[in-house]
Amino acid sequence: MDQSAADIVIFFGRFHPLILHLPIGFLVLAFLMAFLSRKERFAYLRPAVGFVLLLGAISALVTATLGLMLARSGDYSEDLLFIHQWAGLILVILAFSSWFLYRQKEKKSTDKIQKAYWASLFVMMVFLAGAGHYGGSLTHGSTYLTQYMPNGLRALAGLPAQEKGPKLIKDLNEADVFADIVHPILEMRCNSCHNASKKKGDLQMHTRTALMKGGENGPVFVAGNVQESELIRRIHLPDIDDDHMPPKGKTQLSPDQITLLEWWIDKGAPFDKKVAEVQVNDEVNAILRTLADPDANKTEVEKLLASGTALADPEKIKAYKSRGISIKPLSNKENWLQVTLYKNDPVNEVLGELAEDFPEQITWLDLKDTPLSDAGMEHIAKFKNLTRLRAEKTGITDKGMSYLKELPYLEFLNIYGTSVGDEGIQYLQNSPNLRRLYVWESRVSKNGAARLQESSSQLEVNLGFEVTVVDSLTVEVLPVAVGN
Ligand code: HEC
């Protein structure tokens, strides 16, 4: 058969999964009607049973024909396909024979014909269920139905309990690069189409032999050569490209998962090596650490926010809101609070009250452009979980800054346009989590900023483009935004 004829066959074949619902519907309905019509109340159904059976038989024949066409695509595992095909063909025969026996029985209802009719109907239902089940396993994999089964039901069905979330690696150095790191990624994102029973592109990935064998165009990776590896090439194609893997609409690989696959191929695609035996760079190392501990790369602040806090009294929040004070959750899933105060709010006093009511929950404070003064800063020291403070263009001074040294989680601080100077920012020397500090148009000098910068490699002090206070005696040139 030439290529275009083969394509037409598969084109029609793809209607199989659509059409197959007709025979299922008709045959189940015919069975139900035949069964019910034995009762006097439903006797009126009996004359129609033959018609519905015939519809079922014809649609089963059409479905089976389309199924045989689809099977030519070669995307399916032979063993399951064999069972499914034969179950389907026998079903067609049983559907026609049930219809035939129904007609005989209506003409001349002997005991023998009655028995044969009912036997045919029952066996037909068994084959309908069997063909359906194996067909489902072909398209969705044999674990499709049980994958999301609750553990209680799994136990009843004799299946092992489902793991919650990805399995964590206990000892990273001892972990097997392929079995523990690479294979679980393929399993999660590729196996639904490249597995024991389904081999799209003639490619299976469920075992290492299958993976090494490759697909219809040969091997899918070249050990030690990421660029030449078809598997990686396809992952990096744009989503809309037909060759992109996993295909559009399916859950995509994360950047971390891609990095790990590339790392594996780059290091020669080992199948029997431990992590300790394979070279690891910083980027890969950071990702690997998350396989043992999902929080490994989280900052202290991220961990704090993820760990949550107690729910603030909703009545108290309401009372603040009715006074026009903007207080709301950081997100609708969290108890953390963010507060924004404005020019006309009595800022220092309100902060005093808030520190009484929500010392734990307030983590973001936006006080820019308000009459905040050092007296208010004293209250701010009581928000132990404060991570972000905007105090730009306020009346705070070096003295006010001294209160901030009490805040262990402060990560972001903006004091642009205040009269805070070098002395003030030195109070931040021991703020372990401070990442960003904005000091432009304050009295902080380049030298002062550089001195603070030395205390932490994670800290970025931003002096802005214009520095209004320039120490005229400074001759050395310092970078404006001091690096990460
Ligand atoms: C939804 C189904 C589906 C998923 C999921 C899927 N693929 Fe595919 N894959 C296909 C189909 C269909 C083909 C064949 C058509 C083609 O060549 O584009 C194919 C072909 C391939 C081929 C080419 C084989 C050859 O020799 O021509 C590679 C390589 C591949 N897939 C890799 C992957 C990887 C890696 C993943 C997981 C990250 C993945 N696929 C996930 C459906 C899928």
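Read the numbers this way: they start at 1 and go in the same order the structure lists the ligands and their atoms.
Annotation for ligand 1: atoms under 4.0 Å from non-hydrogen atoms of Arg189 are 5 (C), 37 (C), 41 (C). The ligand atoms of ligand 1 that sit less than 4.0 angstrom from a heavy atom of Val220 are 29 (C). Numbered from 1 in the order shown, with element, the atoms of ligand 1 that lie under 4.0 Å from a heavy atom of Lys250 read 1 (C). Heavy-atom proximity to Met205, at under 4.0 Å, picks out these atoms of ligand 1: 32 (C), 33 (C), 34 (C), 35 (C). Residue Asp243 approaches ligand 1 through these ligand atoms, each under 4.0 Å from one of its heavy atoms: 18 (O). Atoms of ligand 1 found under 4.0 Å from any heavy atom of Ser192 (numbered from 1 in listed order, with element): 5 (C).
Scanning for side chain to side chain contact (heavy atoms under 4.5 Å, CB included) contacts around Thr299 gives Val301, Glu302, Glu411, Arg435, with sequence neighbours left out.
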Quick one: side chains of residues 19-33, donor-acceptor pairs under 3.5 Å with protein atoms, not counting sequence neighbours, listed by atom name and distance.
| unit_1 | atom_1 | unit_2 | atom_2 | d |
| --- | --- | --- | --- | --- |
| His21 | ND1 | Pro17 | O | 3.4 |
| His21 | ND1 | Leu18 | O | 3.1 |

Which atom pairs, donor and acceptor, lie under 3.5 Å between side-chain atoms of residues 61-69 and protein residues at least two apart or in another chain?
| unit_1 | atom_1 | unit_2 | atom_2 | d |
| --- | --- | --- | --- | --- |
| Thr63 | OG1 | Ser59 | O | 2.7 |
| Thr65 | OG1 | Leu61 | O | 2.7 |

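Note on atom 8 (Fe) of ligand 1: protein N, O or S atoms under 2.8 Å away count 2, no waters included.
Checking atom 28 (C) of ligand 1 against the protein gives a heavy-atom contact under 4.0 Å.
For Arg38 and Phe35, the positive end sits near the middle of the six-membered ring, less than 6.0 Å away and at most 45° from its axis. In this structure, Arg436 is not positioned above the aromatic face of Phe412 in the sense of NZ or CZ being under 6.0 Å from the six-membered ring centre and within 45° of the axis.
Side-chain contact annotation: Glu262 with Thr259, donor-acceptor N/O pair under 3.5 Å absent.
Contacts of Asp202 with ligand 1, taken as heavy-atom pairs under 4.0 Å, are absent altogether.
Among protein heavy atoms, atom 26 (O) of ligand 1 sits closest to Asn217 N, 2.9 Å.
Other residues, nucleotides and ligands place no more than 12 heavy atoms under 6.0 Å from the CZ atom of Phe100. Taking a 6.0 Å sphere around CG of Asn281, one finds it holds more than 12 heavy atoms contributed by other residues, nucleotides or ligands.
Ring planes of His84 and His16: perpendicular class, angle over 60° (limits at 30 and 60°). Ring planes of Trp118 and Phe122: tilted class, angle from 30 to 60°.
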